[in-house]
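Just so you know, these numbers use all the heavy atoms, side chains as well, and skip hydrogens, waters and symmetry mates. These numbers were taken from a predicted model, which means no experiment stands behind them. Chain naming here is simple, since letters A, B, ... match the order of the sequence lines and numbering starts at 1 in each.
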Amino acid sequence: MDTAERTELVTRFTEEVVEVDEIEALFEERENPTAYIGYAPTGEMHIGHFTTMRKLADFIDAGLDVTVLVADLHAHLDDAKSPFELLEARSAYYEAAIVGMIEAAGADPDSVTFVRGTEYQLEEPYTLDLYRMLAETTLSRAKRAGSEVVRQSENPKLGGLVYTLMQALDVAALDADIAYGGIDQRGIYMLAREQLPDSGYDKPACVFAPLLSGLSGGKMSASEASSKVNLTDDDDAVEEKINGAYCPAGEVEDNGVLEYLRFLVFPVFEERGEQFVVERPEEYGGDLVYDDYEAVEEDFVSGELHPADLKPAAAAAISAVIAPVREQLLDNPELLEDAYPEKYA
RNA sequence: CCGCCCUUAGCUCAGACUGGUAGAGCAGUCGACUGUAGAUCGACUUGUCCCCCGUUCAAAUCGGGGAGGGCGGACCA
């Protein structure tokens, strides 16, 4: 694979890349540049995570050495979203779910390195770097960098600011050439690009995934159950949520159903060699088969494909995509019971 | 250590002065209309009024104690 192909793999289906030149340069210089993505083990993982995760398959195919950080300390630093006592259990659950998603996306989880935050964030070199950064960063700069990531409240805690600086530092600590995450992470990684060179580290390139629209229109909200599909949702639950989704005929904007197809279903189906089939009553023209997303969107915009026909097909496809992960999680019920005792135990 | 403020539906809050077993908006649920959903109408649901004790025929409301949260002051050898 040449540099152009590898770069294309790394950058496809993304929201933004900073900068493409830098990624090309990495591939020119080295056989296996490094990339990292971090997740703070807080609430249950959902389809948004899966969409972001699917991209790791592209990274691996492109020859990147991928590290996944399970940022346990971050999960508590962000307004104590995860109680301190549950960090271990939630980290275990996240790691298992992530392995499942990578597998379901058609990649080999063994080619990914998993790291816990507490494995290195309490060591002296990291701590010293952090303290130096704390001394050099203004409150307003840190607030701005983390504003899309850290929970915003009337009474913000210091932890949210430390969280932000730690994440910037993680890029260097994990020796990542490329920082990857949802576009909401942009502020933090721009801070990293700005500050890491001052501390003697390389400036990371960044790849940002799009954030999917919520099913009820507008942004996906972690706290709104009907706005997203959970990894543990069964076929019926997925169908119910997709059927209830905001999906105006012919409109692409804010259309979560189409976005799920574009960024999750089609990439995964391509990997698995499956086709997207829309079963449709003869009355409306009979069944349709699609090999790529563009054709779906074209038919949807033209009116050829009606939302009422698309929805059941999309629901079935999404179920098929998440099924392996769901089964894996249900086979190990203690993972969820330990991680979210108030809900499952 | 001292003082002041806050705590009522899933969320934001009203009600407290002048005790009479609780309300609005949003959210949610269900119908109507659409070959989906949304929008729009129509209907409906929701409570340990932070906890304990007391006063009273009667306490979200008054008194005392406590918990949690916030703000300020003081202390600064």
In whole Å, what separates the P atom of B/U61 from that of B/G20?
11 Å
Separation of A/Leu310 atom CG from B/U36 atom P, in whole Å?
14 Å
Expressed as a whole number of Å, how far does the P atom of B/C49 sit from that of B/U21?
14 Å
With respect to A/Tyr180, which candidate in A/Tyr36, A/Phe59, A/Tyr189, A/Phe208 satisfies the ring-ring contact (aromatic ring centres under 6.0 Å, His included) definition?
A/Phe59
Same-atom distance (P) from B/A16 to B/U36, integer angstrom
48 Å
Of the nucleotides B/A37, B/G35, B/G70, which one has an atom closest to the side chain of A/Asn155?
B/G70
Roughly how many Å is it from CD in A/Glu154 to P in B/G70, rounded to a whole number?
10 Å
Salt-bridged, A/Lys81 to A/Asp78, with N to O below 4.0 Å?
yes
Using the P atom on both, measure B/C53 against B/G70 and round to a whole Å.
28 Å
Rounded distance in Å between the P positions of B/C17 and B/C50:
15 Å
Would A/Leu211 end up clustered with A/Ile37 when hydrophobic side chains under 4.5 Å apart are linked, directly or stepwise?
no
When the P atoms of B/U12 and B/C1 are considered, how many whole Å apart are they?
31 Å
Can A/Glu304 and A/Arg280 be counted as an ion pair, charged N to O under 4.0 angstrom?
yes
In whole angstrom, give me the gap between the P atoms of B/G73 and B/G64.
27 Å
